[in-house]
Amino acid sequence: MKLPVADGAALRAHTGMLLRRHRAGLGRVLLLHTLAATAGLAGPWLLGRMVDAVAEGTTTAFVDQAVALLVLAVLAQTVLIRYAQRGAMVLGETVFAQLREQFVGTVTRLPLSTVERAGTGDLVARTTNDIDRVQHTIRFGVPRVLVTAATIVLTVAAAVAVSWQVAVALLAGLPLLLVTTRWYLRRAAAGYLRESASYARLNGTITESVEGARTVDALGLGRRRRERVDADLREAFDAESYTLRLRTVLFPGVDLSFVLPVVATVAWGAWLVSTGSASVGAVTTIAVYALQVMHPIGELIYWLDEIQVGATSLARIIGVEGVAPDRVARRESRPMDEHVVASGVRYAYREGHDVLHGIDLDLAVGERLAVVGPSGAGKSTLGRMLAGIHPPTGGTVTVGDAPLVDLPLDELRGHVALVTQEHHVFVGTVEQNLRLAKPEADDAELRRALAAVDADWVDALPDGLATEVGSGGVVLTPAQAQQVALARLVLLDPHTLVLDEATSLLDPRAARHLERSLSAVLEGRTVVAIAHRLHTAHDADRVAVVDGGRITEIGSHDELVAAGGDYAALWRSWQRD
């Protein structure tokens, strides 16, 4: 499953919305650049006037006056360009900041089930490569396209005002320019979309290989992973080569279309001068205009190329907004109590391939349930069902008779929370990391939460709770990061906890000590512990053995050992190890 990409209509609608929202700032930037372009037209016009004046005979005073006007025009253009560029940068930063905030908000609201099925590569590519491309386009591209277009129109209008007969020659390169540009634009969008998709696949392959390096080594999959990286690199190379070939047609065609108007203006203008239909000054002015307009046209073509890239990336970014929610919160659903019940729960990551098969589970309030079983049996998937992370594809999970998937997320996390072996430390202080779970918590409460998970190492940090951690700060060990995640859980204070191998990164002795510390904190709460160390099961009120997506045994530790089934075999094997 891939994350969606916005179609042309959605892209145009979103772009129009951005332009309308910022039309005042955009109008100011365009006005300043238009005035600057107008001031820039004074030079060729004055030059033409002086040529005609010299040819007819003039005074030094006229030349001095023309030079003074030219200096004033250059100074005015310089000042106007300075403020216009500043306004364009401010506008670009404002638009991009809002777009980035909107995108981050959208990404953080994505259903976890969708993210897991799509894989991390596509999402990482959209939050890095695509955001960078859109940032470049918004900051520089959009203002420059508007400015260059206005400059071209003004230059042509000025040429027509000087002499429309001579100005006709400016159209000499237009047919070639239109044909080349149209040929390019018809192919560019698909080419750049393929290019972005190829980088997303490459990012995903590399990310998966790095994250699963130990598994790759253990199973001897190195050659196969290298072959896949090579294949993704070839696809990225082919995609890049295709867009490069497009540009090798575009740029020479554009360059030639620039030369033709200059040559045509001189040749056509010379003939008009010889017939008395135009003056040498008019031909000189329009020839300079033809040279002067080459840069804006070249810049316009360049930015149209860049905007193709940016538009493709923007389509991928706003396409994420098209992901349908996997739940519909109903405010009328209110849990009557803290009783969690799973009835006939099925789940399939792919349609028709269930990994859970009609599981029934009734959790008594305050019960400690350990879930054990072989790898791939469905333990973690069951934990996600019980925590309301994924809506089941069949059956229901309720808390107090209210389906978990009907509860708003902020309310759901107050009832049931999941802590997995995956953890994350955000850039910021330890204090800020902890307050993600409870913003109003005071320092004393934060320290109690840390003490509950044996995180006494925080006091030894350079600035204690105020120590910067994460990228650019103190790098926490995996075990320390996991303790921060568990402390957040303590602060969140839900009545039901699903711990999916939450202490797997700690050594067995430290994990045992931590679990004992947590036991005091979690007293009176319902706890589902998905365990790979069987001492967790030994301490639980009940043990559920999951195999093949079904609960094959359930009961207390002593009952299951006495029964002599799968759990008893696991227990004996674990004790020998």
Side-chain angles (χ1 to χ4, degrees), residues 93 97 100-101 103-105 107-110 112 115 120 123-124 127-128 131-132 207 210-211 213-214 387 389 409-410 413-414 417-494 497-523 525 527 529 533:
E93 290 293 337
R100 181 171 51 195
E101 289 177 2
F103 179 66
V104 170
V107 168
T108 53
R109 289 192 299 270
L110 283 177
L112 288 178
V115 175
T120 57
L123 190 58
V124 168
T127 55
T128 53
I131 283 288
D132 287 343
T207 300
V210 171
E211 291 178 348
R214 292 183 179 178
I389 300 297
L409 283 177
D410 54 350
R413 294 295 159 250
L418 171 71
V419 174
T420 71
Q421 56 190 328
E422 300 172 1
H423 53 273
H424 186 72
V425 175
F426 296 89
V427 174
T429 64
V430 175
E431 175 186 352
Q432 290 168 338
N433 268 270
L434 294 175
R435 286 207 169 98
L436 290 171
K438 189 174 183 180
E440 70 278 9
D442 57 25
D443 286 356
E445 196 169 357
L446 299 183
R447 292 186 183 281
R448 284 196 296 272
L450 290 169
V453 297
D454 292 336
D456 50 3
W457 49 266
V458 172
D459 291 329
L461 293 176
D463 297 308
L465 286 171
T467 301
E468 294 282 340
V469 295
S471 178
V474 174
V475 178
L476 302 184
T477 67
Q480 289 172 331
Q482 199 163 40
Q483 286 174 308
V484 170
L486 292 173
R488 282 198 291 255
L489 177 67
V490 173
L491 289 167
L492 189 61
D493 196 28
L497 303 171
V498 180
L499 308 178
D500 187 358
E501 299 184 351
T503 60
S504 62
L505 295 179
L506 303 179
D507 63 75
R509 182 177 298 178
R512 183 70 166 150
H513 183 61
L514 174 58
E515 287 169 358
R516 285 174 175 167
S517 299
L518 273 174
S519 295
V521 176
L522 304 179
E523 187 67 35
R525 291 175 172 80
V527 178
R533 295 184 176 114

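In this text, all values refer to a predicted model and were calculated from it rather than measured experimentally.
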*Report the residues that fulfil side-chain hydrogen bond (donor to acceptor under 3.5 Å, both in side chains) with Asp459, sequence neighbours left out, ordered by chain and then residue number.*
Arg447
*How far apart are the closest heavy atoms of Val425 and Gly470, and which atoms are they?*
CG1-N, 4.2 Å
*Quick one: closest heavy-atom pair of Thr467 and Pro462, and the distance?*
OG1-N, 3.8 Å
_Determine whether Leu450 and Leu465 satisfy the following criterion, side chain to side chain contact (heavy atoms under 4.5 Å, CB included), listing intermediate values before the conclusion._
CA-CA 10 Å; Leu450 290 169; Leu465 286 171; 3.7 Å; yes
*Smallest separation among heavy atoms of Ala437 and Leu491, with atom names*: CB-CB, 4.1 Å
*Do you know which two heavy atoms are closest between Ala487 and Ala449, and how far apart they sit?*
O-CB, 3.8 Å
*Apply the test side chain to side chain contact (heavy atoms under 4.5 Å, CB included) to residues Trp457 and Leu476: give CA-CA distance (whole Å), side-chain angles for both, the deciding distance (0.1 Å), then the verdict.*
CA-CA 10 Å; Trp457 49 266; Leu476 302 184; 3.9 Å; yes
_Positive for side-chain contact (heavy atoms from CB on, under 4.5 Å) with Asn433, one of Leu446, Val484, Val427_ = Val484
*asked:* With side chain to side chain contact (heavy atoms under 4.5 Å, CB included) as the criterion, how do Leu499 and Leu489 come out once you've worked through the C-alpha distance, each side chain's angles and the decisive distance to 0.1 Å?
replied: CA-CA 10 Å; Leu499 308 178; Leu489 177 67; 3.7 Å; yes
*Taking only residues two or more places apart in sequence or in another chain, which ones pass salt bridge (Lys or Arg N to Asp or Glu O under 4.0 Å) with Glu468?*
none
